[in-house]
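A quick write-up on the structure given underneath.
The first residue of the sequence shown is numbered 1, and numbering continues consecutively from there. Here the structure is a predicted model, which is why all the values come from computation and not from measurement.
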Amino acid sequence: MPQLFNLLTAFRLALSCLCIALSLTTLAAPAQKPLVLANPGAVVDLWPAVTVLRDPDGGLKIGDVLAATDKFAAPQSAYATLGLRQKVVWLHVPVLLPGKDAATPTAQMTEPWILDFDYTLLNRIDVYLTTDGRVLQHAVLGNAQPDAMRPLRSRSHAAALSLQPGASHALLMRVETGGSMILPMTLSSFSNFHGHALNEQLLQGLLTSLGLCLLLYSLLQWISLHEQLYIKYSLLILGSVLFSAHFFGLGEMYLWTDNLWMERHMAGITALTASCGTALFIEDVLAQDMGRRLRRAMRILAGVLAAAALLHAFDVIDIHGVSIVMGTIGLLPSILSIPGAVARIRRGDSVGAYFLVAWLGYFVVSAVMVGVVRGVVGANFWTMHAFQFGATFDMLIFLRIAVLRSTAVHTAAQRATREHDKLHSLAHSDPLTSLLNRRGLNTTLTAALHNCGPQSLLAVYMLDLDGFKQVNDQHGHDAGDELLEIVASRLRNAVRAGDGIARLGGDEFVVLAGGLQSEQQAIELGKKLLDAISLPFALRQHKCHVSVTIGYTLAPADGRDAEELLKQADAAMYAGKQSGKNCLRRSESSKRAIA
């Protein structure tokens with residue numbers, strides 16, 4: 001535990017250093033002069049002119065603020081973010097719309113300017129457009145406002161302001177939120193506002209669609225393969241996708257409009273859900289590289305994260321508590337997986353490298369996001385989207401890990417199946433001819449007897465070569481083995497697909513033919529076997545000629561006991577040997593021989 005504490009301390013120190021380094025280039029440097037809106041087609045960033053008045057109790061009214069404009073001060077935080085230090089603040093931005101001149105068309109001078117707060121998790125924003133200490137316009141924005149009452153029904157918080165040409169205005173904005181004060185603010189024309197909104201909608205649509213496709217894929221994999229890894233991956237994706245949808249306003253706009261509970265809790269619940277899924281996913285993938293205690297610790301961490309999500313849902317802990325949990329416990333699964341990932345790399349397994357790449361990206365984007373939330377890293381397009389881009393990257397990396405894991409599992413299963421089949425084949429096959437041996441014959445014959453009947457006869461043929469001993473004596477055992485292999489090949493070609501062939505040892509063979517409708521069919525197949533062996537044999541160094549004597553019996557007419565049927569066929573074959581060889585004879589119940 002001391003080593004773990006030291007590791008966490010070092011990691012948090014590294015994050016702090018990164019955040020400070022990022023903030024050095026983004027600290028605000030507000031101007032004292034008003035912003036001049038000289039170009040109606042421009043998008044004007046308001047932050048350089050912002051000054052801030054803190055309102056810890058939230059009790060200041062617009063009249064109080066108008067009388068205290070000299071108390072506003074430049075923000076000391078990073079660009080466009082005040083962090084988590086206060087619940088209510090007042091912002092002051094002086095703006096000047098130049099008077100009419102010949103270079104600016106009248107229509108452009110009178111067109112409303114759109115004030116846009118491009119961070120959706122602000123609960124209430126009171127916007128006052130003032131001039132000479134008088135309030136000209138008041139608009140209420142924020143995700144706590146009913147959708148129908150918002151000035152502009154858009155993804156972000158926006159309102160149209162009617163600025164008077166030639167007049168100096170002051171924008172006074174009261175911002176209230178329970179989370180971070182992230183305040184990217186702009187003034188622009190309707191066309192620029194809608195252009196930015198469409199671009200953001202397109203980006204969010206692409207990333208959300210990718211996440212939903214990954215979610216659907218993982219669920220289908222779980223259903224088809226029954227692998228628990230994919231349901232854990234689905235939990236991870238679901239949390240990440242819903243977090244992004246909430247963070248960028250798509251959830252409130254399309255999924256849970258006017259649901260205040262969702263607006264206040266979705267950020268914490270989805271972040272904790274994604275971290276819980278991550279812990280379970282890591283525990284599953286790196287199971288063989290973790291000891292029992294470490295695997296149990298990962299499950300406990302997942303349980304704690306799930307419990308924190310429930311506590312937040314019931315308002316036992318607020319979003320600040322969630323931030324503390326995510327900043328400590330939420331990082332532990334990633335940190336605890338590093339030794340297992342390194343062990344994988346040492347074994348040459350690419351899964352370990354994928355994990356380290358994923359965690360490197362996760363730590364960097366998490367540091368950036370934490371810095372923005374805490375007010376030490378400036379809020380811009382890249383830092384605001386850093387966590388979403390990083391989460392998308394991690395989801396793709398984790399998909400690759402899941403596929404590699406599934407491939408490894410199925411490859412191992414196929415290898416085990418092949419080894420089992422090989423062992424089964426060795427146990428039931430003749431090593432010389434690859435035909436069934438006695439054990440394989442017994443299994444096959446027993447199964448065939450279950451399927452035979454009066455209209456589906458089973459013929460059991462016992463074959464013994466005539467003259468095989470002379471081939472062995474004259475040409476050697478190698479020639480005899482070669483002859484037996486050729487006999488096996490001819491028997492395969494002579495029988496039907498599905499018929500069984502076995503070698504019992506020496507030059508004795510058994511053929512099983514099921515599905516026969518009459519004895520005549522059995523006789524015809526027996527003659528075919530006789531003809532197949534009667535042809536001369538061309539060995540590699542010699543030529544020879546052997547024949548075969550066949551005894552057969554029919555089930556169920558001659559019985560249903562496997563051992564008894566083989567004895568009858570063997571007796572018929574022996575009788576054929578005694579009567580001249582090279583013949584087909586049924587068991588003694590028929591007393592017939594066919595030459």
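- Annotation for Y362 and G330: closest pair OH-O, 4.2 Å, computed over non-hydrogen atoms.
- Interatomic distance, CG of D70 versus CG of L53, reported as 9.5 Å (0.5 Å rounding).
- Atom CG in L236 sits 11.0 Å away from atom CG in L399 (nearest 0.5 Å).
- Between F243 and F387, the ring center distance clears the sub-6.0 Å criterion.
- Closest heavy-atom contact between F117 and L122: CD2-CD1, 4.1 Å.
- If you look at F398 and F281, their ring centroids are closer than 6.0 Å.
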Notebook entry, point to check: Do R347 and D289 pass the side chain to side chain contact (heavy atoms under 4.5 Å, CB included) test, and can you show the C-alpha distance, the side-chain angles, and the key distance before you say yes or no?
Noted result: CA-CA 11 Å; R347 295 204 309 268; D289 298 288; 2.5 Å; yes
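- Taking OG of S180 as the start and CE of M369 as the end, the distance is 8.0 Å to the nearest 0.5 Å.
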Next item on the list: Walk me through it: do H385 and L203 pass the test side chain to side chain contact (heavy atoms under 4.5 Å, CB included)?
Entry: CA-CA 10 Å; H385 292 80; L203 174 62; 3.7 Å; yes
Item checked: M181 vs Y119, side chain to side chain contact (heavy atoms under 4.5 Å, CB included): CA-CA, chis, key distance, verdict -> CA-CA 9 Å; M181 288 279 184; Y119 176 62; over 6 Å; no
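- Between R295 and E283 there is a salt bridge, since a side-chain N of the basic residue sits under 4.0 Å from a carboxylate O of the acidic one.
- Going from atom OG of S240 over to atom CG of L214 covers 10.5 Å, rounded to the nearest 0.5 Å.
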Side-chain donor-acceptor contacts of residues 313-320 below 3.5 Å, not counting sequence neighbours, with atom names and distances?
residue, atom, partner, partner atom, Å
D315, OD1, H265, NE2, 2.5
D318, OD1, H320, N, 3.1
D318, OD1, G321, N, 2.9
H320, NE2, G178, O, 3.2

